[in-house]
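These numbers were taken from a predicted model, which means no experiment stands behind them.
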Amino acid sequence: MPRLKCTISYDGTTFSGYQVQPGKRTVQGEIEKALEKLNKGTSIRISASGRTDAGVHARGQVIHFDTMLEIEPVRWQIALNSLLPADIAIHTVELAAADFHARFNAVSKEYRYFMLLSKHRDPFQRNFAYQFPFSLDLEVMREASEHLLGTHDFTSFCSAKTEVEDRVRTLKEIDFFEENGQFVFRFVGDGFLYNMVRILVGTLLEIGTGRRSADSIPELLEKKDRTLAGKTAPGHGLYLWKVFYEDDSLENRK
């Protein structure tokens, strides 16, 4: 039975997150409905590299599924896109190894968080970037980021609802830059806990505005107490940007 790997994107604005939930509109639910139509009523379950919350977007989410249908990958892409709503797009479809798993084979992920640094709201960005009306001290934010890089227990930077017991993760890269009039946070790591990126952003914003010191980060990591870190930044500024695998080409690893 062929296993297919797909790279997808979606506008998370009207979804109750990625994962199927009874009575709610989800990304997984919409894709599985399309697959069921293509498979003439047979249910097909998909697996993703990870879940995203309500309002969170994706540019490079990866999923996989098994199917009995013998269809060329490019035709799968065309067929799925013809059945999916406009806020989901299938970008690539390729044959994968029988033991490939979108989640368990991922070696790292990149998330980006987009902000509009302005005192005035922009109605065209209201669902895709967090409006932040204060100026930021980038030098002190970079100083704080140095403390976050590497392998740490990130209990202070994840939701109290996080179910996993092992909260040790490795952050490989953190940077900030301006692009097309927006301010962007970029995080690359071997994995991320529930709300981890949004709490990191919220904490760095407090540091950038002088409400918290850069050298408070080591203590936050040591204390392992969510109540000590910053607020959780809103979901609509967050994007799952890219998922990396061992066999990715050099181009995809950039």
Side-chain angles (χ1 to χ4, degrees), residues 12 17-19 48-58 103-104 106-117 129-177 183-244:
Y18 166 81
Q19 189 176 28
S49 68
R51 310 170 187 174
T52 52
D53 291 335
V56 175
H57 315 290
R103 176 185 174 191
F104 299 125
V107 294
S108 59
K109 295 178 183 177
E110 177 180 338
Y111 279 90
R112 296 190 182 187
Y113 194 92
F114 286 75
M115 293 174 43
L116 175 65
L117 296 181
Y130 173 37
Q131 180 197 352
F132 194 75
F134 307 107
S135 59
L136 295 170
D137 184 334
L138 300 188
E139 184 176 346
V140 73
M141 288 169 64
R142 289 194 175 92
E143 180 185 339
S145 296
E146 290 297 318
H147 295 300
L148 292 165
L149 290 171
T151 302
H152 307 283
D153 184 315
F154 282 96
T155 296
S156 292
F157 296 92
C158 69
S159 168
K161 297 179 181 178
T162 301
E163 297 176 353
V164 297
E165 293 185 10
D166 181 6
R167 299 179 181 183
V168 174
R169 298 292 185 272
T170 300
L171 276 179
K172 302 175 181 179
E173 300 175 44
I174 304 175
D175 54 16
F176 336 105
F177 55 91
F183 184 80
V184 185
F185 287 86
R186 176 176 173 271
F187 300 88
V188 178
D190 65 353
F192 293 87
L193 299 163
Y194 184 35
N195 283 351
M196 178 174 162
V197 174
R198 292 164 60 189
I199 296 169
L200 287 169
V201 169
T203 305
L204 288 171
L205 290 177
E206 290 185 4
I207 290 170
T209 53
R211 287 177 286 169
R212 183 188 297 268
S213 66
D215 58 12
S216 66
I217 296 295
E219 182 180 4
L220 288 177
L221 291 167
E222 181 182 355
K223 293 290 187 180
K224 302 176 187 177
D225 184 346
R226 167 65 188 99
T227 64
L228 300 178
K231 292 182 179 179
T232 304
H236 65 274
L238 182 61
Y239 295 69
L240 172 54
W241 201 256
K242 188 179 287 190
V243 184
F244 301 91

Problem set entry | Within 6.0 Å of NZ in K231, more than 12 heavy atoms from elsewhere | no
For this session: Check whether any side-chain heavy atom of V201 sits under 4.5 Å from a side-chain heavy atom of L238, and report yes or no.
Result: no
Exercise. Got V164 and C158 here, is their nearest side-chain heavy-atom distance under 4.5 Å?
Worked result: no
For this session: Evaluate the ring planes of F185 and F183, with Trp represented by its six-membered ring, and classify them as parallel (under 30°), tilted (30 to 60°) or perpendicular (over 60°).
Result: perpendicular
Problem set entry | Atom CZ of F134: over 12 foreign heavy atoms under 6.0 Å | no
Exercise. Y111: what forms a ring pair (Phe, Tyr, Trp, His ring centres under 6.0 Å) with it, not counting sequence neighbours?
Worked result: F192
Seminar exercise, completed: Applying side chain to side chain contact (heavy atoms under 4.5 Å, CB included) to A54 and not counting sequence neighbours gives none
Problem set entry | Rounded distance (nearest 0.5 Å) linking atom CG of L240 with atom NE2 of H57 | 12.0 Å
Exercise. What residues form a side chain to side chain contact (heavy atoms under 4.5 Å, CB included) with E146, not counting sequence neighbours?
Worked result: L149
Exercise. Quick one: does S156's side chain have a donor or acceptor within less than 3.5 Å of a partner on A229's backbone?
Worked result: no
Seminar exercise, completed: Separation between CZ (R226) and CG (N195), nearest 0.5 Å, reads 8.0 Å
Exercise. Can you tell if the side chain of I207 reaches within under 4.5 Å of the side chain of I217, non-hydrogen atoms only?
Worked result: yes
Problem set entry | Pairing of R212 and E206 as salt bridge, 4.0 angstrom limit | yes
Problem set entry | Spacing of R112 atom CZ and K242 atom NZ [to the nearest 0.5 Å] | 8.0 Å
For this session: First locate atom CD1 of I174, then atom CZ of R142, and finally report the distance between them rounded to the nearest 0.5 Å.
Result: 12.0 Å
Exercise. How many angstroms lie between CG in L205 and CZ in F132, if you round to the nearest 0.5 Å?
Worked result: 4.5 Å
Problem set entry | Residue pairs involving residues 135-168 (criterion ring pair (Phe, Tyr, Trp, His ring centres under 6.0 Å); sequence neighbours excluded) | H152-F154
Exercise. Say you draw a straight line from CG of L221 to CG of L228; how long is it, rounded to the nearest 0.5 Å?
Worked result: 11.0 Å
For this session: Apply salt bridge (Lys or Arg N to Asp or Glu O under 4.0 Å) to R169 and list each qualifying residue two or more places apart in sequence or on a separate chain.
Result: none
For this session: Please identify each residue that fulfils side chain to side chain donor-acceptor pair (under 3.5 Å) with R211, with sequence neighbours left out.
Result: T209
For this session: Could you tell me which residues satisfy salt bridge (Lys or Arg N to Asp or Glu O under 4.0 Å) with E143, sequence neighbours excluded, listed by chain and number?
Result: none
Problem set entry | Counterpart residues, salt bridge (Lys or Arg N to Asp or Glu O under 4.0 Å), relative to D215 (two or more places apart) | none
Exercise. Are side-chain heavy atoms of Y239 and T52 found at a separation under 4.5 Å?
Worked result: no
Problem set entry | Closest non-hydrogen atom pair between A106 and V243, with its separation | CB-CG1, 3.7 Å
For this session: Name all residues meeting the salt bridge (Lys or Arg N to Asp or Glu O under 4.0 Å) criterion together with D153; count only those two or more places apart in sequence or in a different chain, and write none if there are none.
Result: K224
Exercise. So, R198 side chain and A233 main chain: donor-acceptor pair closer than 3.5 Å or not?
Worked result: yes
Exercise. In terms of heavy-atom contacts, does CZ of R103 have more than 12 from other residues, nucleotides or ligands at under 6.0 Å?
Worked result: no
Exercise. Would you call the rings of Y130 and Y113 parallel, tilted or perpendicular if under 30° counts as parallel and over 60° as perpendicular?
Worked result: perpendicular
Exercise. Do S159 and T232 have side-chain heavy atoms sitting under 4.5 Å apart?
Worked result: no
Exercise. What residues form a side chain to side chain contact (heavy atoms under 4.5 Å, CB included) with A129, not counting sequence neighbours?
Worked result: F114, Q125, Q182
Exercise. Taking only residues two or more places apart in sequence, or in another chain, which ones meet Q19 in a side chain to side chain contact (heavy atoms under 4.5 Å, CB included)?
Worked result: Q28, R51
Exercise. Do K109 side-chain atoms and S49 backbone N/O form a donor-acceptor pair below 3.5 Å?
Worked result: yes
For this session: Considering non-hydrogen atoms only, spot the tightest contact between G230 and T203 and give its length.
Result: N-OG1, 2.9 Å
Seminar exercise, completed: The side chain to side chain donor-acceptor pair (under 3.5 Å) partners of T151 (sequence neighbours excluded) come to T170
Problem set entry | Heavy-atom pair with the smallest gap, counting every atom of V168 and D166 | N-OD1, 3.1 Å
Exercise. What are the two closest heavy atoms between K172 and S108, and how far apart are they?
Worked result: NZ-CB, 3.6 Å
